[in-house]
Amino acid sequence: MKTVIETKNLARVFGAGETRVTALDHVSITVKQGEFTAITGPSGSGKTTLLQLIGGLDEPDSGDVLLSGANIAQMSGAKLSDFRRDHIGFIFQSYNLIPVLSAEENIEYIMLLQGVPEKARKSRVREMLALVGLEGLGDRRPSNLSGGQQQRVAVARAMASKPDIILADEPTANLDSATGIALLEVMRDLNQQMNMTFVFSTHDYKIMDRADRLIHLEDGVVQLDEFRNS
Amino acid sequence: MLIFKLAIRNILRQRRRSVLTGLSMAGGYMLFVFSISLLEGSWSNVVDIFTLDQTGHVQIHKDDYAKRPKIYKTIADNAAVETLLNGHSEVSGWAPRAYSPALAYGGDKTSVAQIMGIDVTLEPTVTRIKQKVSEGTYFDDQPDADGYFKAMIGRGLANKLNLAVNDEIVLISAGADGSIANDVFVISAIVGNAASFDRFGVFLPLAVAQEFLAIGGDVHEYALLSRDKHDNERLAKDLQAVLPMLKVSPWQEIEATFYRTMQSDKQGNYFTMGLIVFIVFIGVLNTVLMSVLERTKEFGVLKSIGCRPSELVKLIFIETVMLATASILVGLVLIVPVIMWFTEVGLKLDLAVDMGGVVFDTMKGDFSAYVILMPMGFMLATAAVISLPPGLRAARILPREAMGSH
């Protein structure tokens, strides 16, 4: 399997002096295409920081992040934006949909940024809504959707641009247990049907149980890297 | 279209704030248009008054006659000039003139006077000379029963020499050939008033003036009107190109001092108006900045999903310009009837102003594409510029910080 994510000695420190916190301490991991990987660990262990560095939302103090062979730590500005747009899908803990856009439009927007023609965008939106089980709800604004539905829209948005990997930061944290598991099943189905690489953070054991691989972080250090179903 | 939908919905998020901001822009636009309409209307009125009173839109002279008039600086090849003027599609009227200073006698009184030889038929096609006749009748170029030719004199000269219609006036001047020119004329009309530019003028039929001044068939000046009064400078250039031996001048050169004064006044007014618009847009800037600050997290999300910094600048730009456009359209709908009324009817002044015998008693506006479009363009350009600081701020947002977690 092709390596899609590779971090080399990734380090990130926040603050200085007495407030200095080592969020990541020389983390090196490799993720292959099609993996369904959970990054686990207690609060403050560095899960979100690792995802943000992999996603190019933050810059490491040292180390490299290679996505499909490209070193994003050396990218900036429009080039990094374009890379994120075309290669990475994000799912956030608090959904982060654009409130003034409908579900359909939220999904469509990223394709607009990609320059996908309108007809193809509309078709892809319908396809995505069907994949996440939200047919008929496309015209609703986020405020008219439940938390679980909003997160499904977020999943569809992340998938819409046909990225190489999807990074999800505690995607089920704001959902009740049943809805969270249902969402994870959706992600799992997409992973299996489309061989899409998912890396998500969680500290929920029920969610961890559904991952193929667990990377456990504590104090910014990888304590455990375990393949479970492979 | 999605980006426009997003922009519109973002504008409508804080409806009350957007409406208030829009109203301030609409008010600014209305004030701008109204001020320019009055400014352009008033100056246009003044320009009409003096161009139709004497100057015309373009003048043709021999050499530097306009600056240093001498009786011998005459245009000799009249036929060629007149053929050209008659055939020019942009010239709506023209009139030849001859000038000379003179000494005027009325009874036992004397005064300096300015002889103005005019073509009795052509002059009214260029100036309002007929309307300026305040006493008597507009003259013709035929002698009366006693063989005297007619003259029309300015009010100032009539008062000074105590002359009335049908009185005789004696003129003494120097002919172009060095001879003494003197003759008696019968006053057929008194023109203008004591403040008119021609208050000491003596109008003679052109042929009579030419003979009196011994200049043969020559003239000193052609005054002409342009079909499009705003395009007179181009007409002057066109004519100059085909009349290289003569000097063709637009009224802006003939009345250079007035023109500079007018331009200074306009620039002063434009500056004031620009300042008002700037103040309006400081409020707009504040609104847009607030809107950007409120949406910091959203911009962070947009950047994280791959929105380029320039896309965010574009989004803020579209939002601001859209709001400005909507405000300007509202302002346009409200202001057009007002300036149309000012243009057609105008505001009666309590104190009428007499300008060279023409009474300026109504303040009028100007309703033209310039009056509507110039403030529109200025405000849209200002809106575009104003959108840049908030847009750049949005573009600089760091996704990690914007989403408030690490």
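We name chains A, B, ... by the order of the sequence lines, and we start the count at 1 in each one.
Heavy-atom contacts from other residues, nucleotides or ligands closer than 6.0 Å to CE of A:M75 number more than 12. The environment of CD in B:E344 is sparse: at most 12 heavy-atom neighbours from other residues, nucleotides or ligands sit within 6.0 Å. Counted within 6.0 Å of NZ on A:K79, heavy atoms from surrounding residues, nucleotides or ligands total 12 or fewer; the atom is thus considered open. Around CD of A:Q33, the count of heavy atoms belonging to other residues, nucleotides or ligands within 6.0 Å exceeds 12. At most 12 heavy atoms of other shown residues, nucleotides or ligands fall within 6.0 angstrom of atom NE2 in A:H203. Enclosure of atom OH in B:Y370 by more than 12 non-hydrogen atoms of other residues, nucleotides or ligands within 6.0 angstrom is indicated.
Distance check: B:S304 OG to A:N96 CG gives 7.5 Å after rounding to the nearest 0.5 Å. Between the CG atom of B:L2 and the CG atom of A:L101 there is a distance of 6.0 Å, given to the nearest 0.5 Å. Atom CZ of residue B:R400 and atom CG of residue A:L57 lie 9.5 Å apart, to the nearest 0.5 angstrom. Note: A:Y109 OH to B:I305 CD1 = 7.0 Å, rounded to the nearest 0.5 Å.
Applying a 4.5 Å heavy-atom cutoff, the residues of residues 137-162 of chain A that approach chain B are A:R141, A:R157. Among the residues in residues 7-32 of chain B, those with a non-hydrogen atom closer than 4.5 angstrom to a non-hydrogen atom of chain A are B:R9, B:N10, B:R13.
Heavy atoms closer than 4.5 Å to chain B are found in both the backbone and the side chain of A:A78. With a threshold of 4.5 angstrom between heavy atoms, A:F92 approaches chain B through side-chain atoms but not through N, CA, C or O. In this structure, chain B has no heavy atom under 4.5 Å from any part of A:Q93. Looking at A:L113, only its side chain comes within 4.5 Å of chain B, counting heavy atoms on both sides. Contacts of B:L6 with chain A are made by both backbone and side-chain atoms, with heavy-atom separations under 4.5 Å.
Top candidate by heavy-atom pairs under 4.5 Å with chain B, chosen from A:D82, A:I110, A:L112, is A:D82.
Using a 4.5 Å cut-off on side-chain heavy atoms (C-beta onward), B:P309 and A:S81 make contact.
Here the closest heavy-atom approach between residue B:E298 and residue A:I98 is recorded as OE1-CG2, 3.9 Å.
Proximity of a side-chain donor or acceptor of A:R84 to a complementary backbone N or O of B:K303 within less than 3.5 Å is detected.
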Inset, instruction - For side chain to side chain contact (heavy atoms under 4.5 Å, CB included), just list the numbers for A:S94 and B:K297, CA-CA rounded to whole Å, side-chain angles, deciding distance to a tenth of an Å, and then say yes or no. - result: CA-CA 11 Å; A:S94 49; B:K297 188 176 178 184; 3.5 Å; yes
